[in-house]
**Q** 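Quick one: structure below, then a few questions.
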Amino acid sequence: MTTVSEIFRTFSPEYRDRFGDSIPQEHRKAMHAIMECRTEAAGIAVYECQECGQIHRVHRSCGNRHCPTCQHHKSQEWLERQMSRQLPGHHFMITFTVPEELRRTIRSHQRVAYSALFTASSEAIKKLAKDEKHMGGDLPGFFGVLHTWGRTQEYHPHIHYVVVGGALSTMDRKWHPSRIDFYLPVRALSKIYRAKFRAEMIKAGLSNLIPAEVWLQEWNVNCQAVGESQATLKYLAPYVFKVAISNHRIVKVDDHTVFFRYRKTHSNRWRTMALDAMEFMRRFLQHVLPTGFMKVRYYGFLNPNCKVELDTISTLIELSYGFEISRPEVELEPWKPVTCSKCGGTLKLRVIILACGTVIKPG
């Protein structure tokens with residue numbers, strides 16, 4: 001199977017020659033990590049079977065958050081944390097996008113613009129949730145995930161929020177539930193979101209780079225009821241740590257062309273796209289996030305710094321339903337330990353040998 005790392009190892013010298021000093025440092029770091037992933041350059045982990053004593057040497061993963069090979073373990077860890085924090089009742093997924101005319105400016109000023117997207121969208125949710133015409137609760141709870149790609153790797157920044165169906169009022173200390181099929185009006189969310197993003201761009205001194213017609217358009221906001229939290233979290237877990245394209249979607253590399261599969265919106269039929277290797281790498285790398293940028297953010301009572309504990313929120317939700325709603329049960333797939341290919345016994349990590357020769361023993 002052809003992988004992203006193989007494509008990078010084959011074509012990165014040409015890519016560097018073509019684009020030279022214009023390649024951002026974040027892109028260089030991601031390329032380097034992905035190319036070294038699970039090779040000798042990443043070092044070796046030495047395991048010993050607890051049953052038969054067989055020694056296993058495994059090339060280490062790079063751990064880079066943009067590497068398609070390294071995301072499954074992170075997804076499972078995140079899912080376990082979120083499942084232990086899930087709340088009873090209905091939930092929603094709200095997606096905030098931006099007009100196409102704005103994308104070039106965002107791509108050129110990613111750290112500021114991505115932060116502005118989070119600020120504008122989250123503040124829009126909080127403002128409307130507080131409105132007495134809707135829920136009248138000043139403390140909603142939700143988390144958001146930034147994604148920057150479409151189905152063919154084109155640049156398409158947007159944020160998905162998972163929102164608990166209601167909000168706490170700190171004035172009356174009661175839970176104010178939303179309707180099961182409706183959270184907040186999307187047209188009103190869109191107007192507030194657009195205005196707050198514009199204010200953030202003015203504050204950052206970037207408003208002069210944005211075409212005036214952007215502020216006259218309706219910005220697309222979509223809100224969808226998704227039922228109880230458990231199914232939503234299981235659906236979203238691999239999506240949280242998803243990268244621009246996974247290895248299983250790559251069909252082949254023929255000469256200088258990369259062929260990969262994709263689906264059009266509202267279609268289940270797989271199609272194949274062919275891109276020149278340089279364009280494939282360019283599209284992939286444009287989704288590399290600024291160093292240290294947090295792509296998952298938590299708000300309201302889901303923020304770890306919130307003074308109101310989740311157990312209190314859960315009890316208030318149950319109380320608002322007259323205790324006719326049950327707390328969700330935690331159902332996780334059991335963790336599968338690394339096993340010996342010879343006898344099936346459990347493997348224990350003995351040492352890690354870095355490429356430089358340094359030996360690290362686990363504590």
Side-chain angles (χ1 to χ4, degrees), residues 82-97 117-145 158-197 218-237 239-240 296-304 306-329:
Q82 299 310 313
M83 292 288 269
S84 66
R85 289 162 49 86
Q86 62 181 328
L87 293 164
H90 55 290
H91 289 64
F92 295 85
M93 184 179 290
I94 306 179
T95 303
F96 291 82
T97 63
L117 287 177
F118 270 115
T119 298
S121 54
S122 63
E123 290 298 323
I125 293 173
K126 288 188 280 187
K127 181 173 182 176
L128 274 190
K130 187 177 181 180
D131 193 324
E132 292 292 341
K133 291 187 297 184
H134 302 297
M135 281 172 286
D138 58 332
L139 193 63
F142 53 99
F143 68 87
V145 184
H158 55 284
I159 297 178
H160 297 291
Y161 286 103
V162 173
V163 188
V164 183
L168 173 68
S169 169
T170 56
M171 300 297 292
D172 61 18
R173 299 293 295 178
K174 292 182 179 179
W175 179 253
H176 293 224
S178 71
R179 280 171 31 191
I180 292 178
D181 60 345
F182 178 84
Y183 186 68
L184 291 170
V186 292
R187 293 192 69 178
L189 278 174
S190 173
K191 290 179 181 179
I192 299 170
Y193 167 51
R194 181 183 61 193
K196 288 186 176 294
F197 186 84
E218 283 196 16
W219 288 28
N220 186 30
V221 178
N222 177 267
C223 182
Q224 184 178 9
V226 291
E228 293 185 354
S229 59
Q230 185 170 127
T232 306
L233 289 171
K234 286 186 176 180
Y235 160 78
L236 196 65
Y239 202 55
V240 169
V296 184
R297 301 191 181 189
Y298 302 83
Y299 298 91
F301 57 73
L302 289 185
N303 188 306
C306 181
K307 294 181 180 179
V308 183
E309 295 184 355
L310 287 183
D311 281 346
T312 300
I313 298 291
S314 185
T315 300
L316 290 173
I317 293 174
E318 292 177 301
L319 182 62
S320 73
Y321 285 93
F323 292 96
E324 293 181 357
I325 187 172
S326 60
R327 295 188 181 221
E329 296 180 3

**Q** What is the minimum heavy-atom distance between F92 and D181, and which atoms define it?
**A** CE2-C, 3.9 Å
**Q** Grab the two heavy atoms, one from W175 and one from L316, that are nearest each other, plus how far apart they are.
**A** CB-O, 3.6 Å
**Q** Under the side chain to side chain contact (heavy atoms under 4.5 Å, CB included) rule, what do I125 and Y299 come out as? Steps first, then yes or no, please.
**A** CA-CA 10 Å; I125 293 173; Y299 298 91; over 6 Å; no
**Q** Got a second to check how far N220's CG is from L189's CG, nearest 0.5 Å?
**A**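 Atom-to-atom, N220:CG and L189:CG are 11.5 Å apart.
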**Q** Shortest non-hydrogen contact from W219 to S190?
**A**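 In terms of heavy atoms, the two residues are closest at O-OG, 2.5 Å.
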**Q** Working note: I313 + L168, criterion side chain to side chain contact (heavy atoms under 4.5 Å, CB included); need CA distance, chi angles, decisive distance, verdict.
**A** CA-CA 8 Å; I313 298 291; L168 173 68; 3.7 Å; yes
**Q** Testing L310, L302, V308 one by one against C306 for a side chain to side chain contact (heavy atoms under 4.5 Å, CB included), which residue passes?
**A**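 Exactly one candidate clears the test, V308.
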**Q** Mind checking whether V163 and F143 have side chains closer than 4.5 Å, heavy atoms only?
**A** no
**Q** Any luck finding a side-chain donor-acceptor pair between H134 and S178 under 3.5 Å?
**A**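 Note: H134 and S178 side chains miss the donor-acceptor criterion.
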**Q** Measure across Y183 and A129 and return the closest heavy-atom pair with its distance rounded to 0.1 Å.
**A**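 Y183 and A129 have their closest heavy atoms at OH-CB, 4.3 Å.
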**Q** So, taking the atom named OG1 in T97 and the one named OH in Y193, what distance separates them when rounded to the nearest 0.5 Å?
**A** 6.0 Å
**Q** When rounded to the nearest 0.5 angstrom, what is the spacing between CZ in R194 and CD1 in I192?
**A** 11.0 Å
**Q** Is any side-chain heavy atom of L184 less than 4.5 Å from a side-chain heavy atom of M135?
**A** yes
**Q** For this output row, return yes or no: ring centroids of F96 and Y161 closer than 6.0 angstrom.
**A** yes
**Q** For K196 and K127, work out which heavy atoms get closest and say how close.
**A**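 Shortest heavy-atom separation between K196 and K127 comes out as CE-CD, 4.5 Å.
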**Q** Atom CD of E218 and atom CZ of R187: how far apart are they, to the nearest 0.5 Å?
**A**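 If I round to the nearest 0.5 Å, the distance is 4.5 Å.
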**Q** Looking only at the side chains, is there a donor atom on one of D172 and S169 sitting less than 3.5 Å from an acceptor on the other?
**A** yes
**Q** Nearest 0.5 Å please: distance from the CZ atom of R297 over to the CD1 atom of I159.
**A**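 It is 8.0 Å, given to the nearest 0.5 Å.
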**Q** With rounding to the nearest 0.5 angstrom, report the NZ to OG distance, K126 to S121.
**A**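 Here the interatomic distance stands at 10.0 Å.
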**Q** For atom NZ of K130, is the number of surrounding heavy atoms from other residues, nucleotides or ligands below 6.0 Å larger than 12?
**A**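 Open: at most 12 neighbouring heavy atoms sit under 6.0 Å from NZ of K130.
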**Q** Please determine whether side chain to side chain contact (heavy atoms under 4.5 Å, CB included) holds for the pair V186 and N222, giving the CA-CA distance in whole Å, both sets of side-chain angles, and the decisive distance to 0.1 Å.
**A** CA-CA 6 Å; V186 292; N222 177 267; 5.9 Å; no
**Q** Considering only heavy atoms from C-beta outward, does the side chain of F301 approach that of K307 to under 4.5 Å?
**A** no
**Q** Can you tell if the side chain of V145 reaches within under 4.5 Å of the side chain of V162, non-hydrogen atoms only?
**A**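 Result no, sub-4.5 Å side-chain heavy-atom pair not found.
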**Q** What I want to check is whether the side chains of H158 and T95 have a donor and an acceptor closer together than 3.5 Å.
**A** no
**Q** Give me the atom names and distance for the closest heavy-atom approach of Y321 to P177.
**A** OH-CB, 4.0 Å
